[in-house]
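Comments concern the structure below.
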Amino acid sequence: ECSDNYLDDKEFIKKAINIDPNSIKFISRRLRQDKTIAKLILKKNKKLAEKYIFKKTLKEIKNGKKSIER
């Protein structure tokens, strides 16, 4: 259990995801759009990322990787 402030704290959430990727279920809407958080959860658990991170954010990350590879 923790306050809403922690669920919107990027550094706290990064640590929580590293300990347990299921922490993604509780993060704020703002952080569900954050590319750093999205990349971290994608690395930890792709299925959770696809369920909890906004589709637009995931699409931007995937498109960004393709443009880098070219």
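Predicted, not measured: the structure shown is a model, and the values here were computed from it.
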Supply the atom-to-atom distance [X] [atom1] to [Y] [atom2], rounded to the nearest 0.5 angstrom.
| X | Y | atom1 | atom2 | result |
| --- | --- | --- | --- | --- |
| Ile19 | Lys44 | CD1 | NZ | 10.0 Å |
| Ile41 | Asn18 | CD1 | CG | 9.0 Å |
| Ile37 | Ile17 | CD1 | CD1 | 5.0 Å |
| Ile13 | Ser23 | CD1 | OG | 6.5 Å |
| Ile24 | Asn45 | CD1 | CG | 10.0 Å |

Pairing residues for Phe54 by the ring pair (Phe, Tyr, Trp, His ring centres under 6.0 Å) criterion, not counting sequence neighbours: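 Expected list: none.
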
Side chain to side chain contact (heavy atoms under 4.5 Å, CB included) between Lys46 and Glu50, worked out: CA-CA 6 Å; Lys46 186 176 179 181; Glu50 291 172 349; 3.1 Å; yes

Results of side-chain hydrogen bond (donor to acceptor under 3.5 Å, both in side chains) for Arg32 - residues two or more places apart only: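 Counting only residues at least two positions away or on another chain, Arg32 forms no side-chain hydrogen bond (donor to acceptor under 3.5 Å, both in side chains).
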
Residues that Lys51 engages under side chain to side chain contact (heavy atoms under 4.5 Å, CB included), provided they are two or more places apart: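 Counting only residues at least two positions away or on another chain, Lys51 forms no side chain to side chain contact (heavy atoms under 4.5 Å, CB included).
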
Qualifying residues under side chain to side chain contact (heavy atoms under 4.5 Å, CB included), relative to Lys35, sequence neighbours excluded: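 For Lys35, the residues satisfying side chain to side chain contact (heavy atoms under 4.5 Å, CB included) (neighbours in sequence not counted) are Thr57, Glu60, Ile61.
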
Heavy-atom check, side chain of Leu31 versus side chain of Leu7, under 4.5 Å: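 In short, these two side chains do not touch, never coming nearer than 4.5 Å.
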
Pairwise salt bridge (Lys or Arg N to Asp or Glu O under 4.0 Å) hits with a residue in residues 10-22, at least two apart: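 Qualifying pairs, neighbours excluded: Lys10-Asp34, Glu11-Lys14.
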
Inter- and intrachain pairs under ring pair (Phe, Tyr, Trp, His ring centres under 6.0 Å), touching residues 14-52, at least two apart: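 Sorted result for residues 14-52: empty, none.
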
Shortest non-hydrogen contact between Phe12 and Tyr6, atoms and distance: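 That closest heavy-atom pairing would be CD2-O, 3.2 Å.
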
